[in-house]
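Along the sequence shown, the residues carry numbers beginning at 1. Remember, predicted model here, so these are calculated numbers, not experimental data.
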Amino acid sequence: MSADIGHARDFVELHEQVQSSVKLLDSLENFLSTFQKDLSAVSGQISTLQDRSKDIENRLRSRRRIEKPLSSLLEDLSISPQLATLILDTPVDEAWIPATGEFERRLNALKVRVRVKAARDLAEVAEGLRIVAATKLRSFFLALLQPIRTSMTTNMQVIQTSILLKYKPLFGFLQRQAASVANEVQRAYVGAARTYFETGFRRYIRSLGYLKTRSVEKADTIVSGAGESTEIAEVAIDRLAFAQINGPGVALTYMVDDKSHKEPIEALLRSMLLVLMDNATAEYSFITTFFATEPRPPHLHSKQPSDSFHSPTSLLSPLNGDFDDTYSNPGSDSNFSPRQRVTSIGSVLGLSNSETSFKEEQTTLNAIWKQIMDPTLDYCQAFMRSLLDSPPPVVPLLIMIRLIEDIMAEIQKRNCSPLETFVFSIRIQMWPVFQKAMADHIDSLKKLAEGATSGYFRRSATITDAVVSSICRRYTIMFSSFIALTEQPEETMIFSNLLRLRQELSKLITTHTDKITDITARASAQSALYEVLLKGLSKSARPASHPKAQSEIAYWRGREEETRRRIASTNRQR
């Protein structure tokens with residue numbers, strides 16, 4: 001009994017434990033059921049968050065794609081206060097060069113974004129700034145030109161290379177954004193430069209004219225005054241040096257004050273042409289650089305090209321700081337009428353049209369140069385005509401021709417086609433004068449050989465050995481001078497005339513010596529004249545330097561050897 005009671009207690013405790021376990025299991029079941037629901041809810045939230053994350057990521061990508069274009073748009077549609085303040089409140093200086101470049105890029109961007117309302121709103125402000133900038137730049141450039149207008153002592157090349165070219169970007173801004181103002185600045189420069197060069201060259205050429213009157217050289221023929229003791233006995237090497245650019249210095253205006261100072265005619269022409277070449281080519285170089293149209297500046301975010309210009313140096317100036325004239329009307333002191341002004345570069349080129357061809361632009365730039373230099377070229381042409389009104393002797397004439405050819409070669413190197421055309425026209429004028437001078441020499445020698453007694457030859461009815469010997473020496477001087485001035489082995493205009501002159505001289509020697517009845521004496525006289533010719537040619541012509549000199553010496557040596565053989569043959573017969 002007691003044992004059953006003990007087992008009953010165990011069963012009761014076990015039952016209680018089972019009941020307690022069942023309750024725990026029910027509680028755990030309820031917890032697990034709740035956890036499963038919560039886990040399902042969390043899983044749904046995680047899925048929602050993943051979807052939202054993908055959406056946000058897509059939106060971020062979209063924002064990043066439009067970030068740069070939007071940033072560019074905002075930058076284009078804005079003008080910084082610093083830029084506006086500089087244009088409105090500061091005078092034009094070097095700081096304006098990058099500022100106008102940036103401002104122009106803003107203007108171009110506003111034109112491209114015309115459909116954007118913000119761009120249309122800002123365009124009114126930008127237009128006001130553009131007008132202010134153009135107005136200030138106009139006054140700035142006109143002020144830079146003032147020294148050229150008011151004083152002839154102004155160094156124009158310094159203003160061009162050191163000042164105007166430095167501000168070329170500002171003028172380019174006017175060309176593209178204010179064409180009418182650019183045209184006005186261009187016309188002002190053309191007027192100032194035209195007066196500057198016209199006045200300077202008019203005074204300089206007048207000084208050369210004074211020097212010309214001091215050394216009048218008559219163009220006598222080869223037979224004029226033959227046999228006189230005052231004739232030249234050798235080639236004038238110092239005068240031959242004037243046939244090249246590299247040589248003696250040019251004549252300056254102050255030299256006129258020295259009454260004893262003289263210059264040969266070829267030196268005067270050389271001075272005029274060298275001064276003209278240096279000034280005219282420098283002006284052409286400036287014009288084709290400063291007034292040439294430039295492409296529009298690139299967009300805000302692209303690289304800008306760099307420009308360079310090699311300014312001319314060592315320029316010869318006709319002014320030389322000696323003129324104090326403050327103004328001169330074009331065409332004064334002569335009957336030149338100012339040439340009609342061509343259409344301005346802006347209206348011809350269409351400064352806003354990027355399709356203008358290079359050829360058209362070059363033609364217009366040449367027209368600007370001619371507009372400036374026409375009065376100067378007229379004065380130079382008039383001085384050239386004055387030199388040829390009374391033609392110089394034939395050797396100085398050839399020196400002048402060779403000088404012009406050397407000048408033309410240098411102008412071609414400097415790429416100044418309008419000046420090359422002008423100098424070429426002068427060269428064309430020179431050759432007929434040279435041909436006539438040579439024809440006069442040949443005709444005078446021919447008439448002398450024929451015994452003419454009229455005109456120049458009235459005093460030379462009786463031809464003496466001294467006269468013929470003098471003509472032979474003059475011939476060698478002329479021939480040697482021509483050879484020294486001629487590098488080409490064949491040049492028809494030169495050597496055909498020399499050949500004709502040699503033929504007439506040979507006839508004169510034969511005609512003169514044929515009057516001698518004694519054969520030996522006649523041959524001796526001929527031999528003596530041939531020796532005069534050979535001595536002069538060997539001394540001056542430098543036979544190794546030119547094939548024509550060698551053939552000339554060979555010709556006269558053959559004639560001289562022939563006479564010696566006659567002398568020897570006659571002596572043997574006796």
Side-chain angles (χ1 to χ4, degrees), residues 92 94 96-112 126-127 130-131 133-138 140-142 144-145 159-161 163-194 280-300 302-312 341-373 414-419:
V92 179
E94 293 185 25
W96 274 58
I97 297 176
T100 53
E102 180 183 354
F103 179 52
E104 186 171 12
R105 291 191 292 273
R106 307 284 182 183
L107 290 175
N108 295 335
L110 291 176
K111 294 176 182 178
V112 173
E127 177 64 14
R130 184 192 69 83
I131 294 173
T135 302
K136 285 191 172 183
L137 290 176
R138 172 188 175 276
F140 173 73
F141 280 111
L142 293 181
L144 291 181
L145 299 178
I159 292 179
Q160 289 175 339
T161 57
I163 301 177
L164 290 176
L165 285 177
K166 180 173 65 174
Y167 293 107
K168 160 66 176 169
L170 299 182
F171 184 75
F173 172 83
L174 291 178
Q175 286 179 308
R176 295 181 294 271
Q177 301 297 333
S180 61
V181 178
N183 294 339
E184 183 180 356
V185 172
Q186 174 210 307
R187 290 193 297 269
Y189 174 82
V190 169
R194 180 184 175 101
T281 56
E283 184 64 19
Y284 187 76
S285 179
F286 170 77
I287 289 172
T288 54
T289 301
F290 188 78
F291 291 109
T293 55
E294 294 180 344
R296 290 183 179 276
H299 196 260
L300 286 168
S302 61
K303 273 190 174 180
Q304 301 182 46
S306 60
D307 299 327
S308 62
F309 173 74
H310 302 285
S311 59
R341 186 181 300 278
V342 299
T343 308
S344 65
I345 185 173
S347 59
V348 172
L349 290 178
L351 293 176
S352 61
N353 185 359
S354 60
E355 297 179 356
T356 304
S357 69
F358 172 79
K359 184 176 181 180
E360 292 174 344
E361 181 179 27
Q362 197 67 28
T363 300
T364 304
L365 294 174
N366 290 350
I368 294 176
W369 182 89
K370 282 184 60 62
Q371 206 174 330
I372 293 172
M373 300 303 299
R414 300 186 186 187
N415 195 25
C416 183
S417 54
L419 183 62

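No side-chain donor-acceptor contact under 3.5 Å links Tyr284 and Asn415.
Contact annotation: the side chain of Lys136 approaches that of Trp96 to within less than 4.5 Å [non-hydrogen atoms, C-beta and beyond]. Phe286 has its side chain out of reach of Thr289: every pair of non-hydrogen atoms, C-beta onward, lies at least 4.5 Å apart. Counting only heavy atoms from C-beta outward, the side chains of Gln177 and Thr100 never approach each other to under 4.5 Å. The shortest distance between side-chain heavy atoms of Ile372 and Ile287 falls below 4.5 Å.
The side-chain contact (heavy atoms from CB on, under 4.5 Å) check on Ile97 picks up Tyr167, Pro169, Leu170, with sequence neighbours excluded. With sequence neighbours left out, the side-chain contact (heavy atoms from CB on, under 4.5 Å) criterion links Thr135 to Ile131. The side-chain contact (heavy atoms from CB on, under 4.5 Å) search around Ala280 returns Leu276, Trp369, Met373, Leu419, not counting sequence neighbours.
Ion pair Glu104/Arg130 not flagged as a salt bridge, since none of the NZ, NE, NH1 or NH2 atoms sits closer than 4.0 Å to an Asp/Glu carboxylate oxygen.
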Leu365/Glu361 under side-chain contact (heavy atoms from CB on, under 4.5 Å): CA gap, chis, key distance, verdict:
CA-CA 6 Å; Leu365 294 174; Glu361 181 179 27; 4.1 Å; yes
Quick one: do Tyr189 and Ile368 satisfy side-chain contact (heavy atoms from CB on, under 4.5 Å)? Show the steps, please.
CA-CA 10 Å; Tyr189 174 82; Ile368 294 176; 5.9 Å; no
Audit row: Leu164, Ile159, side-chain contact (heavy atoms from CB on, under 4.5 Å) steps and yes/no:
CA-CA 6 Å; Leu164 290 176; Ile159 292 179; 4.1 Å; yes
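For the atom pair Arg194 CZ and Glu283 CD, the distance stands at 12.5 Å (nearest 0.5 Å). To the nearest 0.5 angstrom, Phe171 atom CZ is 10.5 Å from Thr293 atom OG1.
Nearest heavy-atom pair across Ala134 and Leu174 is CA-CD2, 3.9 Å. In plain terms, the two heavy atoms of Cys416 and Thr281 that are nearest each other are CB-CG2, 3.9 Å.
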